[in-house]
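Accompanying notes for the structure given below.
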Amino acid sequence: VVGPSTIPEASCHPGKEPIRVDNDVEGRAETPSDRMENGADGKILDDMPSMPLLPSNAQAQNQNKGGNFTSGDHRTQNLLARKQWIAQQRKSLPIAAVEKRLVDEVRKNDTLIIVGETGSGKTTQLPQFLCNSGFCHDGLLIGITQPRRVAAVTVAKRVAEECNVELGQKVGYAIRFEDVTSSSTRIKYMTDGLLVREALLDPFLSNYSTIVVDEAHERTVHTDVLLGLLKKVQHERSLIIVKRQNPCHTAAKKLIMPDKEDKTQSINNLKPYQNAKLTPLKLIIMSASLDARGFSEYFDGAKAVHIQGRQYPVDVLYTYHPEPDYLDATLITIFQIHLGEGPGDILAFLTGQEEIESVERLVHERARQLPEGSQKILTAPIYSSLPSEQQMNVFKPAPSGSRKVILATNIAETSVTIPGIKYVIDPGLVKARSYNPVTGMESLIIIPTSKAQALQRSGRAGREGPGKCFRLYPESEFGKLMDSTVPEIKRCNLSNVVLQLKALGIKDIFSFDFMEKPSRTGIVKSMEQLYLLGALTDSGELSDPVGLQMARLPLDPIYSKALIIAHEFKCLEEMLIVVAMLSVESIFHFPREKIEEATAAKKSFSSTEGDHITLVNVYRASAECLEKSKAANSKEKTMEKSLNKWCRDNFINSRSLRHARDVHRQIKGHMQQMGLSISSCGDDMVQFRRCLTASFFLNAALKQPDGSYRALLSGQNVQIHPSSVLRAKKPDCIIFNELIRTSQNYVRNVTRIDPLWLPELAPQSFAED
Ligand code: CDP
Ligand code: MG
């Protein structure tokens, strides 16, 4: 049943002793010298007994079968069982035993660093501890930031359930385009990027008593910006309090008399220093890795405490040789575990939605070939752009007699803790942003994980008992991995960072107190791009209104600008569709067994002008399908069903389309709030392509005699990606949206343009002197 070709060698040779890496050797269990102790007795925590497993609804119902309950009673009974189970699980979390001491530490220290194993209860419990201990006084909030939307949503749902409240009441979340909070919210989970945006409207974050920066070890670009910002806000808030007590204090006096010339005042038009409830800001930095020292140094020697988690031994197995096809190797390993190992769920790390969906399909295909009566195998995908109701599926226990395979991106390394995992499959790769500050081009590349990531991944197998991790690369490769991941701020385009900092009133980006300074060239290049986009003036100030409008939109500057330009070109409707469709990973669906039909389906939407218009065609056709269903007076559910059928018939990824529709609705709301009317250019696609040119001229490229392209502003040599509708046609001049580096530099989402439009529509970059 399972193809023998690339079976990982470790499991090919059952007689051979697997290479075992002990916990301590792997460095997950800290050495005494590493441990930052919180008290005289060393450990904060003792090991806890293992958690009871959640009775699934199915199981709970089975237990009740034949009993005296009515169906209403079943529900009550199930709810009660779940509540009890949750209460018990909470009590058994490592963090529960140190609640009082942790709260005391937060009281004593304005900034506290908390390091703890994934799954010890930091994210879900600490905010509740603080809220119960008076940190939400006078209606103030505890804000917890996450690098990922999925984590913010799933954790908020979980905590609302634990607190027995409706989501959006006492416990809520806010992520880009979605705010599930109310005036009664006290514990607010959000993305780190969103909190940075909140600071645009409330520069002293005056609604928060405490801010917890979670998953700080991930060092996403937003986390780094947020850390710098919070350090500043904390300092300024304490100065304001000093000022109240001592009105003549020099530093405080200066603080509340901002520069009159400061353009940013049109954004920061609040006077929060008058806010009576302004208190010192409590900052908590939480991290899963052991490197608390860097954070402590950055926060002027802030105290760090360590919560000891539970970790069982994990057998780590390697392959003898590198795997030429890691997706195939992943698939084979899944079935080897399924057929050869004891009970327990599998977690496989892949690099993105496309890979996850393709492995998911292959698992289903092969599962159908399993012998009659075999144990069932179920899949649960999780990645950032998965709609939130589907994200929750990973937490549902597999019904008894079946095994669950979770196919995840690096999101499952630390951000979300999924119970029940005993086996981890780690191909050792991750999709990462990469930036060339000289050309100013950002790209997505698949690179090897760092050692720290590999250790985090294998650790996922040992949460509830001993586990196994299959690394799909030879052991010798492990030694070659980098110790830890390079902070994202060092490898991404900084135009968004610069725009946000400018909007926050920080004039000199070079002297901003970053935990790790991005390269000077990178900052200069980004400022140059922002200038070309019209967001910055000659003197480097945020321009009014374009720069201000761009800073208000929660999008990459290039897309914010595209929408503003589209309004001028009277094709905002089309550009909204393009921006929404570009925000999801894969709209077209190509099942292996139906490639020809899928290709024909795509062709029916294809525009000879390029991918952007093709995407508009898909969106419009899907909207038509919904309209028809609506005209027939269908209920929402029926409309949803007919859209799903339409997607199946047309080989469109319904998950992605739904996500794009959602993003579309939200950006449209922003546009309307900004007072931009949504006009359409109808079928005048020349107008629309001109608008695309005016928007994406930074990524214009010209065909070379050998059929490759030369990006005009960066000078980079690129190829049109095989997925593009222009792949065969190869027009003379194109604009594109995305650069992907594999063996080649590929550009994706490409549209044909007239080269003469460039000097006309982007004279700042292309006019001849
Ligand atoms: O933040 P940390 O990794 O320390 O742990 P956490 O996210 O607070 O999770 C504590 C426990 O809650 C985990 O062991 C999960 O089993 C459980 N949990 C859950 O069942 N469902 C969620 N959505 C989140 C957490
Ligand atoms: Mg956590």
Side-chain angles (χ1 to χ4, degrees), residues 28 44-45 47-56 82-83 85-99 102 113-130 144-163 167 171 173 187 189-192 212-218 223 284-290 305-312 345 347 380 382 386 388-397 404 406 408 410-422 456-457 459-465:
R28 276 190 305 276
I44 301 190
L45 279 163
D47 273 2
M48 291 290 147
S50 79
M51 270 181 287
L53 280 173
L54 168 70
S56 72
R82 183 160 170 92
K83 262 190 201 158
W85 176 77
I86 286 183
Q88 196 183 349
Q89 198 194 23
R90 284 186 66 194
K91 257 191 262 160
S92 75
L93 284 172
I95 202 171
V98 286
E99 168 170 358
L102 267 180
I113 293 148
I114 301 178
V115 183
E117 286 281 357
T118 306
S120 52
K122 301 181 299 298
T123 311
T124 52
Q125 307 307 306
L126 183 77
Q128 298 186 64
F129 295 168
L130 295 177
I144 309 97
T145 69
Q146 300 289 328
R148 296 196 175 84
R149 301 152 54 97
V150 183
V153 178
T154 55
V155 168
K157 283 186 181 162
R158 168 77 183 190
V159 175
E161 190 183 10
E162 287 185 6
C163 295
L167 186 65
V171 182
Y173 70 86
I187 298 179
Y189 288 91
M190 64 195 125
T191 49
D192 38 20
V212 184
V213 181
D214 202 358
E215 308 285 331
H217 63 273
E218 289 239 358
T223 300
I284 299 167
I285 315 298
M286 294 207 295
S287 160
S289 72
L290 290 174
V305 295
H306 185 264
I307 299 169
Q308 183 157 329
R310 248 189 326 258
Q311 181 70 48
Y312 296 88
D345 293 338
L347 169 62
I382 186 157
L386 190 69
S388 69
E389 72 281 7
Q390 291 178 47
Q391 289 162 6
M392 300 310 284
N393 283 340
V394 295
F395 296 101
K396 287 189 191 144
K404 183 168 66 170
I406 296 144
N410 55 344
I411 204 162
E413 266 166 30
T414 60
S415 290
V416 290
T417 311
I418 305 157
I421 292 158
K422 198 171 170 66
Q456 271 298 337
R457 289 180 176 191
R460 306 294 77 226
R463 292 289 326 142
E464 290 160 15

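In each ligand, atom 1 is the first atom listed, and ligand 1 is the first ligand listed.
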Distance-only N or O hit between ligand 1 and Ser120, under 3.5 Å: yes
Spacing of CD1 belonging to Ile144 relative to CG belonging to Leu130, to within rounding of 0.5 Å: 8.5 Å
Glu117: numbered ligand 1 atoms lying under 4.0 Å from its heavy atoms: 4 (O)
Enumerated ligand 1 atoms positioned under 4.0 Å from heavy atoms of Thr118: 3 (O)
Polar contact flag, side-chain donor to acceptor under 3.5 angstrom, Thr414-Gln456: no
Thr417 versus Phe395, closest heavy-atom pair with distance: O-CE2, 3.3 Å
Check: Val155 N/O within less than 3.5 Å of ligand 1 N/O: no
Arg460 side chain vs Glu413 backbone, donor-acceptor pair below 3.5 Å: yes
Min N/O separation Thr123 to ligand 1 under 3.5 Å: yes
Metal environment of the Mg ion (ligand 2), protein N/O/S under 2.8 Å: Thr123 OG1
Any donor-acceptor pair under 3.5 Å from Glu215 side chain to Gln146 backbone: no
Heteroatom proximity flag, Gly121 to ligand 1, N/O under 3.5 Å: yes
side-chain hydrogen bond (donor to acceptor under 3.5 Å, both in side chains) evaluation trace for Gln125 with Glu162: CA-CA 9 Å; Gln125 307 307 306; Glu162 287 185 6; 3.0 Å; yes
Met286 CE to Thr123 OG1 distance, which is reported to the nearest 0.5 Å: 4.5 Å
Whether Lys396 side chain and Ala380 backbone form a donor-acceptor pair below 3.5 Å: no
Contacting atoms of ligand 1, where contact means under 4.0 angstrom from a heavy atom of Lys122: 1 (O), 2 (P), 3 (O), 4 (O), 5 (O), 8 (O)
Sub-4.0 Å heavy-atom approach of Gly116 to ligand 1: no
For Thr417, the ligand 1 atoms whose distance to one of its heavy atoms is below 4.0 Å: 3 (O), 7 (O), 13 (C), 14 (O), 15 (C)
Verdict with reasoning, Glu117 to Ile307, per side-chain contact (heavy atoms from CB on, under 4.5 Å): CA-CA 7 Å; Glu117 286 281 357; Ile307 299 169; over 6 Å; no
Minimum non-hydrogen distance to atom 19 (C) of ligand 1, winning option of Met392, Arg158, Glu162: Arg158
Between Thr124 and Arg158, a side-chain donor and acceptor under 3.5 Å: no
Proximal ligand 1 atoms for Gln89, defined as those under 4.0 Å from one of its heavy atoms: 16 (O)
Gap between atom CG of Leu102 and atom CD1 of Ile95 - 0.5 Å precision: 5.0 Å
